[in-house]
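Written out below as structure tokens is the structure these notes cover.
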Amino acid sequence: MTDKELIAITIDRYTDLQRIKKSNGNQENAELDYQIKITTAKLSSLGVNVEDITL
């Protein structure tokens with residue numbers, strides 16, 4: 001897998017998690033928040049600015 005493929009897959013995962021969070025409204029979900037935090041860290045380590053793709 002190339003770096004570009006890894007970035008694309010990770011961005012897809014991040015956007016999926018963001019959509020789930022948005023659809024949950026104000027309901028707390030610690031696991032979802034943790035998964036978003038980890039995916040954000042992975043994207044940052046790959047040089048992707050998540051602020052540009054955050055809902």
Side-chain angles (χ1 to χ4, degrees):
M1 178 181 301
T2 67
D3 285 347
K4 286 188 179 193
E5 290 171 323
L6 179 59
I7 289 170
I9 290 169
T10 309
I11 287 172
D12 288 343
R13 176 170 170 77
Y14 181 75
T15 55
D16 290 344
L17 292 168
Q18 287 290 308
R19 285 196 307 270
I20 292 167
K21 183 172 179 74
K22 186 174 183 176
S23 70
N24 278 348
N26 293 330
Q27 183 176 354
E28 286 290 319
N29 186 328
E31 179 60 25
L32 178 59
D33 292 339
Y34 179 73
Q35 291 297 321
I36 291 171
K37 188 178 212 178
I38 295 301
T39 307
T40 301
K42 287 179 182 180
L43 286 169
S44 293
S45 73
L46 293 167
V48 177
N49 183 357
V50 297
E51 290 179 12
D52 295 338
I53 58 175
T54 301
L55 291 177

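Atom set for the values below is all heavy atoms of this structure, side chains included, hydrogens, waters and symmetry mates excluded. Since the structure is predicted, the reported quantities are computational estimates derived from the model, not experimental observations.
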Thr10 and Leu6 have their tightest heavy-atom pair at OG1-O, 2.7 Å
Which of Thr40, Leu32, Asp33 passes side chain to side chain contact (heavy atoms under 4.5 Å, CB included) with Leu17? Answer is Leu32
Treat each ILVMFWY residue as a node, draw an edge where side-chain heavy atoms are under 4.5 Å apart, and state whether Ile38 and Ile36 are in one component. no
Sorted by chain and number, sequence neighbours left out, side-chain hydrogen bond (donor to acceptor under 3.5 Å, both in side chains) with Asp16 holds for Arg19
Distance col, row Asp3:CG vs Ile7:CD1, nearest 0.5 angstrom, shows 6.0 Å
So do Ile9 and Arg13 actually touch side chain to side chain, heavy atoms under 4.5 Å? no
Problem - Heavy atoms of other groups near Glu5 CD, more than 12 under 6.0 Å - result: yes
Inset, instruction - Check the hydrophobic clustering (I, L, V, M, F, W, Y; side-chain heavy atoms under 4.5 Å; chains of links allowed) and say if Tyr34 and Leu43 are grouped together. - result: no
* Look at the side chain of Ser45 and the backbone N and O of Lys42, then say whether any donor-acceptor pair between them is shorter than 3.5 Å. => yes
